[in-house]
Amino acid sequence: MEWNIVHIGETDSTNQWLKERQTGDRMVVWADYQTAGRGQGKNTWESERGKNLLFSVLLHPNDVPANRQFTISMQVSLAICEALGEYIGDLSIKWPNDIYWRNAKLAGILIENRLCGSAICDSIVGIGLNVNQRRFQSDAPNPVSLWQICEHEIDRERLLREVLSALDRYQGREVRQQYLSMLYRRKGFHPYADAEGTFMAELVDVEDDGYLLLRDDEGRTRRYAFKEVSFII
């Protein structure tokens with residue numbers, strides 16, 4: 001079944017555009033520029049006009065209960081990695097769902113779920129993927145684009161369709177073990193920081209509800225929700 005793809009020049013946010021104008025299943029909007037593009041929490045997303053892939057997808061994940069909504073994040077992250085894997089290697093997923101090339105951020109995901117009781121009615125998945133931008137001007141610590149890696153331009157619409165095809169393949173699948181195998185810093189001890197300060201830890205697990213489990217170098221297990229711990233890169 002084909003996706004209903006809408007291409008627009010500019011909007012405040014593709015997630016907001018889709019919220020206001022969704023007209024049916026399998027709808028996608030992608031924009032050349034966002035005036036208020038954002039990431040998780042209060043983060044903003046820098047993108048040069050017409051250079052990157054900024055899009056939102058409307059999903060109806062009927063098989064995912066509300067208490068396992070992190071499944072959607074895992075499926076989307078893996079789909080993006082699969083599509084990007086046709087162009088580059090050295091990809092990983094930085095918990096919860098940033099797409100990394102080596103130690104640099106290539107893509108970010110913002111998922112907004114609408115619940116109906118114990119089930120998910122629908123999900124709007126916003127994705128920002130750095131494609132053809134050559135320089136980044138903001139104070140974001142570690143952005144990278146496909147152009148910077150490959151040193152040539154990538155067809156944005158073709159890449160969009162490749163991500164959507166991969167997303168079709170991942171919806172409805174049990175992907176937890178594959179997600180864990182793709183995690184950034186999945187082996188060894190690395191530096192982190194939380195409200196108590198900095199520490200060294202190894203990644204132990206990601207629970208079904210999305211909580212991150214780390215074990216520090218003193219043997220203490222630490223459990224975190226999103227934004228409660230940061231990766232020191």
Side-chain angles (χ1 to χ4, degrees), residues 2-15 17-18 26-40 43-59 73-94 96-111 124-138 140-171 175 178-179 182-184 233:
E2 287 293 316
W3 290 89
N4 176 19
I5 301 174
V6 178
H7 182 202
I8 58 177
E10 180 178 310
T11 185
D12 54 353
S13 153
T14 55
N15 268 29
W17 191 99
L18 203 51
R26 299 179 64 78
M27 189 167 184
V28 182
V29 57
W30 67 294
D32 291 328
Y33 187 69
Q34 292 183 129
T35 58
R38 61 190 180 95
Q40 299 281 5
N43 295 343
T44 58
W45 185 265
E46 177 195 353
S47 182
E48 186 178 345
R49 186 182 298 272
K51 292 295 185 181
N52 299 319
L53 193 49
L54 313 170
F55 66 104
S56 294
V57 182
L58 176 64
L59 301 177
S73 182
M74 293 190 290
Q75 291 169 344
V76 173
S77 301
L78 288 166
I80 295 171
C81 284
E82 181 176 297
L84 290 173
E86 297 298 314
Y87 298 86
I88 56 173
D90 292 330
L91 291 162
S92 62
I93 302 166
K94 178 175 163 287
N97 55 22
D98 284 340
I99 309 304
Y100 264 47
W101 175 78
R102 298 181 182 174
N103 289 313
K105 184 174 177 177
L106 186 57
I109 302 166
L110 175 65
I111 300 175
I124 292 180
V125 180
I127 298 168
L129 207 168
N130 297 327
V131 182
N132 293 321
Q133 188 158 336
R134 300 190 181 193
R135 288 182 298 277
F136 292 89
Q137 309 296 333
S138 75
N142 59 341
V144 71
S145 70
L146 284 174
W147 187 93
Q148 291 174 328
I149 301 167
C150 302
E151 297 186 334
H152 63 78
E153 296 236 335
I154 303 293
D155 185 314
R156 291 181 301 146
E157 184 172 0
R158 176 182 173 182
L159 179 56
L160 170 63
R161 293 183 181 277
E162 290 167 344
V163 171
L164 294 175
S165 294
L167 190 55
D168 277 337
R169 292 190 290 274
Y170 277 94
Q171 284 187 79
V175 298
Q178 187 177 355
Y179 171 83
M182 285 290 295
L183 280 176
Y184 178 69
I233 298 173

Leu54 and Thr11, any side-chain heavy atoms less than 4.5 Å apart: no
Val57 vs Val163 side-chain heavy atoms within contact, under 4.5 Å: no
Worked verdict on Asn132 versus Ile154 for side-chain contact (heavy atoms from CB on, under 4.5 Å): CA-CA 7 Å; Asn132 293 321; Ile154 303 293; 4.0 Å; yes
Residues His7, Asp32; criterion side-chain contact (heavy atoms from CB on, under 4.5 Å); working and verdict: CA-CA 8 Å; His7 182 202; Asp32 291 328; 3.0 Å; yes
Distance-only side-chain donor-acceptor flag, Asn97 / Ser77, under 3.5 Å: no
Side chain proximity check, Leu78 to Ile93, heavy atoms < 4.5 angstrom: yes
Minimum side-chain heavy-atom gap Gln178-Gln75 below 4.5 Å: no
pair Asn130-Pro143: side-chain heavy atoms closer than 4.5 Å: yes
Atom pair CD1/CH2 of Ile149 and Trp101 - distance to nearest 0.5 Å: 5.0 Å
side-chain contact (heavy atoms from CB on, under 4.5 Å) between Asn103 and Asn142, worked out: CA-CA 8 Å; Asn103 289 313; Asn142 59 341; 5.7 Å; no
Arg134/Glu48 ion pair, N-O < 4.0 Å: no
SB check Asp155 Arg161 (cutoff 4.0 Å): no
By salt bridge (Lys or Arg N to Asp or Glu O under 4.0 Å) - contacts of Arg158 (at least two apart): Glu162
Passing option when Leu159 is tested against Val131, Leu164, Ile80 for side chain to side chain contact (heavy atoms under 4.5 Å, CB included): Val131
Check: Ile5 and Glu157 side chains under 4.5 Å, non-hydrogen atoms: no
Distance-only side-chain donor-acceptor flag, Thr14 / Gln34, under 3.5 Å: yes
Side-chain donor/acceptor of Ser56 to backbone N/O of Asn15, under 3.5 Å: yes
pair Asp168-Trp3: side-chain heavy atoms closer than 4.5 Å: yes
Derivation of the side-chain contact (heavy atoms from CB on, under 4.5 Å) call for Ile109 and Val125: CA-CA 7 Å; Ile109 302 166; Val125 180; 4.0 Å; yes
Check: Glu82 and Tyr170 side chains under 4.5 Å, non-hydrogen atoms: yes
Plane angle bin for Tyr184 and Tyr100 - parallel if under 30°, tilted between 30 and 60°, otherwise perpendicular: tilted
From OG (Ser13) to CD1 (Ile124), nearest 0.5 Å: 9.0 Å
